[in-house]
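Okay, structure first, notes after.
What you see is a predicted model; the values in this text were computed from it and never measured.
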Amino acid sequence: MTLKIRVIAPDQIVWDAEAEEIILPSSTGQLGILTGHIPLLTALDIGVMRVRSSKEWKPIILLGGFAEVKNNEITILVNGAEEISGINLEHAKSDLENATNNVEEANSNKEKIEATQIMRKAKARLQAAIVINN
């Protein structure tokens with residue numbers, strides 16, 4: 001049996017396919033879903049969603065949203081998403097280091113919030129790079 005997975009962003013359908021397993025970046029930690037999972041509605045954080053299809057893992061960066069699991073169908077509504085096909089691990093590490101420095105150097109609350117969001121996205125890109133390069 002497989003899971004029917006749809007990832008929908010405001011401007012596009014990011015993913016619409018079947019898979020054997022999915023790991024979501026929920027607001028309370030990583031959440032693994034297999035066939036037969038009980039119905040669930042959960043908030044998603046910025047992070048990497050990993051989908052296993054045909055024994056291969058595919059990372060997709062989610063920029064927050066919600067996921068509903070029901071009858072082996074997963075509908076994911078997100079603020080944004082990035083499919084990652086090729087990302088340089090060293091470049092991702094450098095981006096995270098720069099983003100972390102920007103958080104530390106931010107002066108106002110607004111700057112800190114914006115810099116923190118950029119840093120969280122950079123962390124997710126690094127996680128995706130690690131998945132791809134392993």
Side-chain angles (χ1 to χ4, degrees):
M1 259 183 112
T2 58
L3 299 165
K4 173 70 174 151
I5 302 168
R6 290 190 77 188
V7 178
I8 304 167
D11 58 344
Q12 66 178 327
I13 294 176
V14 178
W15 181 275
D16 189 5
E18 293 187 355
E20 291 85 37
E21 181 178 2
I22 184 171
I23 299 173
L24 297 169
S26 80
S27 59
T28 58
Q30 297 292 307
L31 177 64
I33 308 289
L34 297 168
T35 58
H37 198 284
I38 62 170
L40 171 73
L41 182 61
T42 187
L44 300 176
D45 205 353
I46 294 173
V48 179
M49 172 183 89
R50 293 182 300 257
V51 180
R52 184 171 61 87
S53 180
S54 303
K55 298 186 181 183
E56 281 189 33
W57 286 97
K58 173 150 180 75
I60 299 174
I61 296 172
L62 302 181
L63 304 178
F66 293 92
E68 178 187 39
V69 178
K70 188 175 180 183
N71 299 326
N72 292 324
E73 293 186 9
I74 303 172
T75 303
I76 301 167
L77 304 175
V78 293
N79 299 324
E82 298 177 18
E83 269 194 86
I84 303 296
S85 56
I87 187 169
N88 182 295
L89 186 59
E90 293 306 314
H91 185 75
K93 286 179 184 178
S94 174
D95 286 348
L96 178 56
E97 186 176 317
N98 291 336
T100 303
N101 290 337
N102 289 341
V103 170
E104 292 170 2
E105 294 170 3
N107 295 318
S108 69
N109 283 342
K110 181 182 178 195
E111 287 176 353
K112 279 195 186 297
I113 290 168
E114 290 172 353
T116 299
Q117 288 295 93
I118 292 169
M119 182 185 71
R120 292 173 71 204
K121 291 176 189 177
K123 278 184 183 178
R125 288 186 188 103
L126 178 59
Q127 287 176 334
I130 290 168
V131 170
I132 289 172
N133 289 297
N134 282 337

In sequence, state the C-alpha distance, the side-chain angles, and the governing distance for Ile118 and Lys121, and then conclude on side-chain contact (heavy atoms from CB on, under 4.5 Å). CA-CA 5 Å; Ile118 292 169; Lys121 291 176 189 177; 5.6 Å; no
What's the verdict on side-chain contact (heavy atoms from CB on, under 4.5 Å) for Asp16 and Lys4, showing C-alpha distance, side-chain angles and the deciding distance? CA-CA 8 Å; Asp16 189 5; Lys4 173 70 174 151; 2.5 Å; yes
Before you tell me yes or no, could you show the steps for Gln117 and Ile46 under side-chain contact (heavy atoms from CB on, under 4.5 Å), namely the whole-Å CA-CA distance, both residues' side-chain angles and the distance that decides it to 0.1 Å? CA-CA 9 Å; Gln117 288 295 93; Ile46 294 173; 3.6 Å; yes
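The CG atom of Leu24 lies 10.0 Å from the CZ atom of Arg50; values are rounded to the nearest 0.5 Å. Distance CD/Glu21 to OG1/Thr2: 13.0 Å, rounded to 0.5 Å. Separation of atoms CG (Leu96) and CE (Met119) is listed at 7.5 Å; rounding is to 0.5 Å. Separation of atoms OG1 (Thr35) and CG (Asn71) is listed at 12.5 Å; rounding is to 0.5 Å.
One finds a salt bridge joining Glu90 and Lys93 here, because a Lys/Arg side-chain nitrogen approaches an Asp/Glu carboxylate oxygen to under 4.0 Å.
Judged purely by atom type and a 3.5 angstrom limit, Ser54 has no side-chain atom pairing as donor or acceptor with the backbone of Glu56. Here the side chain of Asn79 pairs a donor or acceptor atom with the backbone of Leu63 at under 3.5 angstrom.
Two residues are said to be in side-chain contact when any heavy atoms from C-beta on lie closer than 4.5 Å; Lys123 and Leu126 fail this criterion. Residues Ile33 and Ile5 are not in side-chain contact: their nearest non-hydrogen atoms beyond the backbone lie 4.5 Å or more apart. The closest side-chain heavy-atom distance from His91 to Arg125 is not below 4.5 Å.
Arg52 and Ala19 get closest at one heavy-atom pair: O-CB, 3.3 Å. Residues Ser53 and Glu18 approach most closely at OG-O, 3.6 Å, considering heavy atoms. The minimum heavy-atom distance between Gly80 and Pro10, with the atom names listed, is N-CD, 4.5 Å.
Across Ile76, Leu31, Leu44, Ile74, a single residue satisfies side-chain contact (heavy atoms from CB on, under 4.5 Å) together with Met49, and that is Ile76.
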